[in-house]
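A short write-up of the structure that comes next.
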Amino acid sequence: MTNAEIKFLELVPSQLKEIAKQLAKLNENMDKLISQNQAAPNLVKPSEKVVTICYNQREEWNDRQEAIKFFRDAMMNSEGSEHERYFKIWSELESGETACSDERLPTVKKK
């Protein structure tokens with residue numbers, strides 16, 4: 001065996017130790033990411049179809065986040081009863097409803 005081969009073989013254990021340390025660190029980071037995802041699985045929501053009815057017009061959305069953004073913007077740029085309509089739909093979308101309407105619940109008259 002040549003001197004170069006001997007020096008190379010002497011370096012291998014230290015290189016393997018460094019690789020093992022890096023793998024352990026990667027495994028630790030992966031475990032953290034997995035536990036975070038399990039603790040909060042709804043952080044990234046897949047696109048989901050929703051239906052909205054606003055001013056008696058029915059609209060189907062292929063992406064919940066797109067609908068949320070539309071009604072949030074509409075709500076922020078309106079006032080009074082119009083604002084209330086958009087707010088109602090926006091809050092229903094945010095709470096996870098798949099069918100949302102601006103219709104108010106009937107009021108119950110007290111006797």
Side-chain angles (χ1 to χ4, degrees):
M1 211 182 293
T2 66
N3 283 342
E5 291 172 330
I6 293 171
K7 286 184 180 182
F8 172 76
L9 291 176
E10 289 173 351
L11 291 176
V12 169
S14 63
Q15 290 174 338
L16 288 175
K17 285 181 184 177
E18 184 60 33
I19 290 170
K21 284 181 188 177
Q22 291 176 358
L23 284 173
K25 190 180 252 186
L26 285 172
N27 283 335
E28 185 179 314
N29 289 340
M30 287 296 292
D31 289 342
K32 286 179 184 177
L33 288 172
I34 289 169
S35 66
Q36 287 173 353
N37 191 35
Q38 289 172 347
N42 294 329
L43 286 179
V44 178
K45 294 181 182 178
S47 63
E48 178 184 7
K49 291 185 178 186
V50 293
V51 174
T52 59
I53 300 173
C54 187
Y55 288 104
N56 293 321
Q57 289 190 332
R58 184 179 195 272
E59 187 160 351
E60 293 184 23
W61 302 80
N62 289 322
D63 186 346
R64 172 184 297 278
Q65 294 306 315
E66 186 180 325
I68 288 173
K69 182 182 181 316
F70 174 84
F71 284 98
R72 181 189 61 231
D73 292 346
M75 175 183 64
M76 298 304 280
N77 292 302
S78 61
E79 308 179 329
S81 63
E82 184 181 31
H83 174 84
E84 289 175 17
R85 286 175 180 266
Y86 294 137
F87 175 78
K88 184 174 183 303
I89 294 173
W90 172 80
S91 62
E92 289 176 357
L93 288 166
E94 284 285 353
S95 68
E97 297 291 327
T98 56
C100 309
S101 171
D102 63 353
E103 291 297 314
R104 296 183 184 157
L105 294 174
T107 57
V108 177
K109 294 182 181 178
K110 295 182 181 179
K111 292 183 181 181

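Separating the CZ atom in R85 from the SG atom in C54 is a distance of 6.5 Å, to the nearest 0.5 Å. Here the CG-NE2 distance, from N77 to H83, works out to 10.5 Å after rounding to the nearest 0.5 Å. Rounded to the nearest 0.5 angstrom, I89 CD1 and S101 OG are separated by 6.0 Å. Rounding to the nearest 0.5 Å gives a distance of 9.5 Å between OG1 of T98 and CG of L93. To the nearest 0.5 Å, atom CD of residue E92 and atom CG of residue D102 are 9.0 Å apart.
R64 places no side-chain N or O within donor-acceptor distance of the main-chain N or O of E94, the cut-off being under 3.5 Å.
E79 is linked by a salt bridge (Lys or Arg N to Asp or Glu O under 4.0 Å) to nothing, counting only residues two or more places apart in sequence or in another chain. When the ring pair (Phe, Tyr, Trp, His ring centres under 6.0 Å) test is applied to Y86, no partner is found at least two apart in sequence or on another chain.
Taking the six-membered ring where the residue is Trp, F87 and W90 present tilted rings, their angle falling between 30° and 60°.
The two atoms that bring K88 and E103 nearest to each other are CE-O, 3.0 Å, heavy atoms only.
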Please table the atom pairs, donor to acceptor, closer than 3.5 Å between any side-chain atom in residues 69-76 and protein atoms at least two apart or in another chain.
unit_1, atom_1, unit_2, atom_2, d
K69, NZ, D73, OD2, 3.0

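Within 6.0 Å of the CD atom in Q57, the count of heavy atoms belonging to other residues, nucleotides or ligands does not exceed 12.
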